[in-house]
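Comments concern the structure below.
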Amino acid sequence: MAESFFSEFNKRNYFNQCTNFEELEKLINKKKIRAYIGFDCTSKSLHVGSLLQIMCLRLLQKYGHQPIVLLGGGTTRIGDPSGKEETRKILSGREIDDNIKNIEKILKIFLKEKNNSTKPIFVNNYDWLEKLKYIDFLRKIGKHFTINKMLSFDSVKLRLDREHSLSYMEFNYMILQAYDFLELNKQKKCILQIGGSDQWGNIVNGVELIKRHNNSQAYGLTTPLITLASGNKMGKTERGAVWLDKNLLSPYDYWQFWRNVDDKDVIKFLQMFTDLQLDKIQDLQNNKVDINQLKILLANQTTKMLHGESAAKNAEQTAKNTFEKKSIGSDLPIVNIKKEIAKKGVNIIDLVILSKLSTSKSEVRRIIKNRGIRLNNEIVENEKEKILISDFNKDKHAKLSHGKKKHVIIKII
RNA sequence: GGAGGGGUACCAAAGCGGUCAAAUGGGGCGGGCUGUAAACCCGUUGACUUCGGUCUUCGAAGGUUCGAAUCCUUCUCCCUCCA
């Protein structure tokens, strides 16, 4: 059976829900379509949590469809309440514009621009939402009203109790996102919106709006929320988000993130987040390839896709050096120390803080007590120890480690 | 608007005048086992420290007291019920 957008979409476990699956499948097999995914612009980069959406855009391209990337310049000014417990802080227009630029840059790494018919179209919903003059109103006035309070008003309560519809304020965001879809449907003939499962409600609203307003058919498609085997949400580690921007997270750390996934997640992630052929992944699984080899494969593939082949190779080599040979890999973060200072000797606690391996001296003392700080693989026994010139090798390097996984190179300059 | 309940460390949740830097659980961090996995076990978990201590924390501000997370006053936010 020939592969199609949907067959691969399903096999890679991207499918969660669809508004009208059969019809959409027929349509999408017959002709090339345009579909869009919206990205929130609250932060200056995307993180792994958005990766599945990006993979969807790539898949559209693979099968000759044209992805539209909607950057939420307008909607970010309001803030999507879906699944959020607290109101987000409101960003300035300037911050949002900066974020948009950076996010666009990241997305362009993943998407191919050569072919004109599948080249991604970037749009910013501020372009049309701004014209509604509605944004300013919401920012100035709307933020002062809480839904909670509004719901406690008798008039409102009554309507809710009697199952009358409750419009406008509460559903501002939904309305705006629905309106986005309508605009893209009109402007760009976009007939499909894809999003995470948390966007289902918003997406359905768009589909319905298009039906009512334009009397035309559009479709919604969602991807599942990815949970790790550990039950945590994908993309957030304790140390912070797994960013897709090399300035926020180095290629080496990105590689490490994938290298360290749970055994149970490896095959799933290979399917979801790499371009490897599905039957090849199946083969690997059938042949019982060593799980650690699979993790390395996963890390290499994902890192290559984002940071390029040589970055992936470097990361792999660095990992090999640090974990297998216990030596130094070039990709480890480097902390420079002036020669004069090194001659005097630097207290080990200060050095750990300086290397950003920790932010609290008390914590460093504790870890030393627990035998978790190492200098050149030797456990630091005493918190008063100093790093001396003699600790550096002929390349003027020394390795400082915090636990088994965090290492930095200390270098004399 | 009326009545009650509540805000404690990263989260949940005890404490209700001194022995409280604050039980317990989760999470985090470190160690052990292993495979840079999971599970399990151990240690640790406010900051600074010359390791003697010192400083800052229990919604906010005042007050009572030798002494407050604990009692009083005001403020503030949240929850439940009634109008």
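For the numbers below, each heavy atom of this structure counts, side chains included, while hydrogens, waters and symmetry mates do not.
A donor-acceptor contact under 3.5 angstrom links the side-chain atoms of Asp263(A) to the base of G35(B). Side chain Lys404(A) to base U34(B): a donor-acceptor pair is found below 3.5 Å.
Here the P atom of nucleotide G35(B) and the CG atom of Asn260(A) are 15 Å apart, to the nearest Å.
Rounded to the nearest 0.5 Å, atoms CH2 (Trp200(A)) and CD (Gln193(A)) are 11.0 Å apart. To the nearest 0.5 angstrom, Phe5(A) atom CZ is 9.5 Å from Asn10(A) atom CG.
With U36(B), G35(B), U44(B) as the choices, the nucleotide that has an atom nearest any side-chain atom of Lys405(A) turns out to be U36(B). Side-chain proximity of Arg366(A) to the nucleotides A37(B), U44(B), G35(B) is greatest for U44(B). For His402(A), counting side-chain heavy atoms from C-beta on, the closest listed nucleotide (U34(B), G35(B), C29(B)) is C29(B). Distances from the side chain of Lys384(A) to the nucleotides C51(B), A47(B), C33(B) place C51(B) closest. Distances from the side chain of Arg365(A) to the nucleotides U36(B), G35(B), U50(B) place U50(B) closest. In the set G35(B), G30(B), U36(B), G30(B) carries the atom at the smallest distance from any side-chain atom of Ile367(A). When each of U36(B), U44(B), C48(B) is scored by its nearest atom to the side-chain atoms of Asn370(A), the top-ranked nucleotide is U44(B).
Under 3.5 Å, the side chains of Thr118(A) and Gln66(A) contain no donor-acceptor pair of N or O atoms.
Among the heavy atoms of the strands, none lies under 4.0 Å from Lys369(A). At the heavy-atom level, Ile373(A) lies nowhere under 4.0 Å from the strands shown. Residue-level contact check: Trp258(A) touches neither bases nor backbone, having no heavy atom under 4.0 Å from any strand. Within the nucleic acid shown, Glu324(A) has no heavy atom closer than 4.0 Å to any nucleic acid atom. Among the atoms of the strands shown, base atoms are found under 4.0 Å from some heavy atom of Arg259(A). Residue contacts shown for Glu383(A) include a base, since a base heavy atom lies under 4.0 Å away. Looking at heavy-atom distances under 4.0 Å, Lys361(A) makes contact with sugar-phosphate atoms alone, never a base. Heavy atoms of Ser360(A) sit under 4.0 angstrom from primed sugar atoms or phosphate atoms, though from no base atom.
Under the Watson-Crick or G-U wobble criterion, with both distances below 3.5 Å, C75(B) is paired with G59(B). In this entry C16(B) has no Watson-Crick or G-U wobble partner, no candidate having both defining distances under 3.5 Å. The nucleotide A37(B) finds no pairing partner, because no Watson-Crick or G-U wobble arrangement with both distances shorter than 3.5 Å includes it. The nucleotide G1(B) finds its pairing partner in C82(B), both defining distances of the Watson-Crick or G-U wobble pair being shorter than 3.5 Å. Pair assignment for G25(B) gives C11(B), based on Watson-Crick or G-U wobble hydrogen-bonding distances that are each under 3.5 Å.
Comparing the same atom, C1', in A69(B) and in U56(B) gives a spacing of 15 Å after rounding to whole Å. C72(B) sits 15 Å from C16(B) when the C1' atoms are compared, rounded to a whole Å.
Mapping Ser362(A) and Lys264(A) onto RNA chain B by nearest heavy atom places Lys264(A) closer to the 5' end of the strand. When each of Arg374(A) and Ile349(A) is assigned the nucleotide of RNA chain B with its nearest heavy atom, Arg374(A) is the one assigned upstream, toward the 5' end.
The salt bridge (Lys or Arg N to Asp or Glu O under 4.0 Å) check on Arg12(A) picks up Glu8(A), with sequence neighbours excluded.
Proximity of Asn292(A) to Arg259(A): side-chain heavy atoms (C-beta onward) are separated by under 4.5 Å at one or more points.
Heavy atoms of other residues, nucleotides or ligands lying less than 6.0 angstrom from NZ of Lys343(A) number 12 at most.
Remark: Arg77(A) is positioned above the aromatic ring of Tyr126(A), its terminal NZ or CZ atom under 6.0 angstrom from the ring centre and at most 45 degrees off the axis.
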